[in-house]
Amino acid sequence: MLDRTTIREETDRVRWALEVRGDDEGLLDELLAVDERWRELKGRGDSLRHERNVVSERIGELKRAGKAAEDEIARSNELKQELDAIEAEADELEADLESKLLEIPQIPYEGIPVGADEADNVERRREGFAELRALPDPVVPHYDIGEDLEIIDEARAAKTSGSGFYFLKGDGARLEHALIQFMLDLHREEHGYHDVFPPIPISSEAMTGTGQLPKFAEDSYELAGEDLWLCPTAEVPVTNMYRDEILLPEDLPVKHQAYTPNFRREAGEHGTQTRGIVRVHQFNKVELVNFVEPEESDERLEALLDEAEEILRRLELPYRVLELCSSDLTFASAKTYDIEVWAPADDMPDGPDRGGRWLEVSSASNFGAFQARRAGLRYRPAHHESAEYLHTLNASGTALPRIMVAILEYYQNPDGTVTVPEAIRPYLGGQKRIEGHDPIGETAVGEGS
RNA sequence: GCCGAGGUAGCCUAGCCUGGCCAAGGCGGCAGAUUCGAAAUCUGCUGUCCGCAAGGACACAGGAGUUCAAAUCUCCUCCUCGGCGCCA
């Protein structure tokens with residue numbers, strides 16, 4: 001969140017932020033009005049409390065001297081009544097202020113593209129298109145080839161969990177494990193990341209710290225009867241693990257990575273563009289989380305993007321990099337790059353000129369002090385007496401299902417098999433191709449045919 | 001889940017039984033004095049909020065209550081540690 005001083009003293013910037021994000025500015029005006037009233041009451045309450053303290057002290061003196069203090073006690077009780085009324089209203093206003101403040105988004109960095117919707121995102125680069133593999137014509141979509149090879153099973157997942165879930169089987173499950181391990185190893189060995197495996201149920205407090213709550217409660221799964229939510233992204237537990245702590249300069253930069261399953265309700269997201277496993281309720285992801293000193297965050301975002309891109313380069317998957325425009329930024333982000341992998345099968349109107357479509361596999365964001373302020377993430381700079389909020393950043397490194405989609409489509413062969421990208425063969429015992437075969441076989445499905 | 005002990009400032013600790021006299025003391029950090037410079041020493045500062053300021057309010061895990069007055073008494077919640085139980 002933004003701090004109150006920013007809201008008061010840099011109102012124009014906050015207003016600009018709401019405007020370019022396409023958010024309602026009414027909230028800001030309400031907030032300012034509430035703040036003004038609150039400050040007035042705060043002042044009155046403070047002076048009443050001061051008087052009460054003086055009177056109380058006097059009572060103590062009188063009693064110790066063995067004298068009567070009835071008048072003072074009466075005065076004190078009177079003050080208490082007045083104070084109660086003022087405090088009741090002030091508390092109410094304060095709570096209102098807090099909740100409004102939590103709904104004011106991060107101010108985007110100057111210089112980011114200003115735009116009305118995702119069409120205004122700016123494509124920065126395309127990579128990996130110089131030497132493309134020879135592709136079958138037509139390319140079989142991942143949901144079909146996944147079923148043919150018996151490695152993705154949505155039908156059976158419907159029996160255990162409903163729609164929007166899938167089983168990975170045989171080489172599909174092995175490919176998933178291989179990709180996870182490959183990503184973790186790469187980031188650890190070459191980018192200096194420290195591994196973390198966090199708890200998956202997450203408290204409301206932590207969800208608020210990174211900005212998922214209170215505004216986006218409907219996006220996540222809440223556990224019945226508990227104040228806990230299923231992890232929507234490892235960003236939440238990993239960013240919150242140092243909640244209310246003050247880190248030392250030598251702790252920085254913090255570079256943590258975590259593989260977790262991620263759970264999202266994705267209410268209302270159905271249609272042809274979401275067929276298969278591109279938009280599901282549960283998916284695995286390796287997340288990169290960074291904490292840095294404020295002056296380093298701009299540079300770190302570029303480095304973070306490069307670290308995430310390295311996964312695509314090693315897997316030799318063609319992709320592009322977008323810089324998100326103001327209205328497409330997430331709530332807490334000041335600047336975001338998206339990495340979209342090329343999935344050649346389904347021709348979409350907004351897809352690349354070679355056909356197929358773009359799938360977002362990573363989003364690299366600089367949150368500035370926005371999350372740090374909410375979550376109480378501070379550090380004590382060398383030669384300074386007071387703690388300061390640090391800057392948080394994160395990037396997916398990367399999301400698994402869409403990488404799987406890209407591999408199944410881009411690496412497929414005319415004979416219906418899929419070549420394993422060289423970078424991950426060591427994780428599959430040297431295996432070069434995925435040829436399918438579920439030992440349980442089709443007869444066990446029992447579709448009634 | 002049961003029993004017990006705890007949670008005080010960036011860190012360590014006292015105060016709690018017996019309510020009031022600024023949450024004492026130490027470490028660390030900052031500033032000043034001293035010094036050619038440093039060490040040592042001394043002094044001040046070292047949380048949040050309101051206020052132009054003077055100043056004031058708040059803060060002892062969180063919340064509620066008792067009281068003229070709560071770190072201190074009462075109740076509830078959370079968390080940590082130890083023991084018992086259960087368990088992949």
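We name chains A, B, ... by the order of the sequence lines, and we start the count at 1 in each one. Please read all numbers here as calculations on a predicted model, not as lab measurements.
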Output, in order, the C-alpha distance, side-chain angles, deciding distance and verdict of salt bridge (Lys or Arg N to Asp or Glu O under 4.0 Å) for Arg75(A) and Glu70(A).
CA-CA 9 Å; Arg75(A) 175 62 187 148; Glu70(A) 274 71 39; over 6 Å; no
Taking it one step at a time, do Gln106(A) and Gln371(A) satisfy side chain to side chain donor-acceptor pair (under 3.5 Å)?
CA-CA 9 Å; Gln106(A) 168 71 308; Gln371(A) 293 180 330; over 6 Å; no
I'd like to know whether Lys169(A) forms a salt bridge (Lys or Arg N to Asp or Glu O under 4.0 Å) with Asp153(A), so could you lay out the CA-CA distance, the side-chain angles of the two residues, the decisive distance to 0.1 Å, and finally the verdict.
CA-CA 7 Å; Lys169(A) 305 184 295 189; Asp153(A) 191 337; 3.0 Å; yes
Working note: Asp12(A) + Arg15(A), criterion salt bridge (Lys or Arg N to Asp or Glu O under 4.0 Å); need CA distance, chi angles, decisive distance, verdict.
CA-CA 5 Å; Asp12(A) 291 348; Arg15(A) 201 174 291 285; 5.1 Å; no
Any chance you could lay out the side-chain contact (heavy atoms from CB on, under 4.5 Å) test for Lys67(A) and Glu61(A), step after step, and finish with the verdict?
CA-CA 9 Å; Lys67(A) 295 180 185 161; Glu61(A) 283 168 21; over 6 Å; no
How would you summarise protein contacts on nucleotides 58-76 of chain B per nucleotide, using B for base, S for sugar-phosphate only and - for none, with heavy-atom distances below 4.0 Å?
S---------BS-------
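OP1 or OP2 of rG51(B) sits under 4.0 Å from a side-chain N or O of Arg39(A).
Position along RNA chain B of the nearest nucleotide to Arg64(A) versus Trp38(A) favours Arg64(A) as the more 5'-ward residue. If Ile246(A) and Thr5(A) are placed on RNA chain B by their nearest nucleotide, the residue sitting closer to the 5' end is Ile246(A).
Leu93(A) has its CG atom 15 Å from the C1' atom of rC49(B), to the nearest Å. To the nearest angstrom, P of rC49(B) lies 22 Å from CZ of Arg37(A). Atom P of nucleotide rC30(B) and atom CD of Glu388(A) are separated by 14 Å, given to the nearest angstrom. Rounded to whole angstrom, the span from the CG atom of Asp244(A) across to the P atom of rU8(B) amounts to 14 Å. Rounded to an integer number of Å, the gap from Arg243(A) CZ to rC79(B) C1' is 14 Å. Between the CZ atom of Arg4(A) and the P atom of rC50(B) there is a distance of 7 Å, rounded to whole Å. With rounding to whole Å, Arg378(A) atom CZ is found 9 Å from rG10(B) atom C1'. Spacing between atom CD of Glu226(A) and atom C1' of rC78(B) amounts to 14 Å, rounded to whole angstrom units.
rU46(B) and rA23(B) have their C1' atoms separated by 16 Å, with the value rounded to a whole Å. Between rC75(B) and rU66(B), the distance separating the two C1' atoms is 11 Å to the nearest Å. Taking atom C1' on both nucleotides, rA24(B) is separated from rC16(B) by 14 Å, rounded to a whole Å. Across the C1' atoms, rC68(B) and rU80(B) are found 37 Å apart, a figure rounded to whole Å. Spacing between rG55(B) and rC60(B) at atom P, rounded to whole Å, works out to 25 Å. Nucleotides rG15(B) and rG65(B), compared at atom P, are 29 Å apart to the nearest Å. Here the separation of rU13(B) from rC84(B), taken at their C1' atoms, is 32 Å to the nearest Å. Here the separation of rG19(B) from rA71(B), taken at their P atoms, is 14 Å to the nearest Å.
Taking the six-membered ring for Trp, Phe291(A) and Tyr379(A) have ring centres at least 6.0 Å apart.
Arg21(A) forms no cation-pi arrangement with Trp16(A), by the criterion of a distance under 6.0 Å to the ring centre and an angle within 45° of the ring axis. Because its NZ or CZ atom is not both nearer than 6.0 Å to the ring centre of Tyr193(A) and within 45° of the ring axis, Arg188(A) does not count as a cation-pi partner of that residue.
Between Tyr242(A) and His256(A), the ring planes lie tilted relative to each other; the angle falls in the 30° to 60° range.
Residues Arg37(A) and Glu40(A) are paired through a salt bridge, judged by an N-O separation under 4.0 Å between the basic side chain and the carboxylate.
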Please, what dot-bracket string fits RNA chain B when only Watson-Crick and G-U pairs with both distances under 3.5 Å count, crossing ones use [ ] and pairs to another strand use |?
((((((((.[[[..)....(....]]]((((((.......))))))((((....))))..[[[[[..)....]]]]])))))))....
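Using a 4.0 Å heavy-atom cutoff across all strands shown, Arg8(A) reaches sugar-phosphate atoms only and no base atom.
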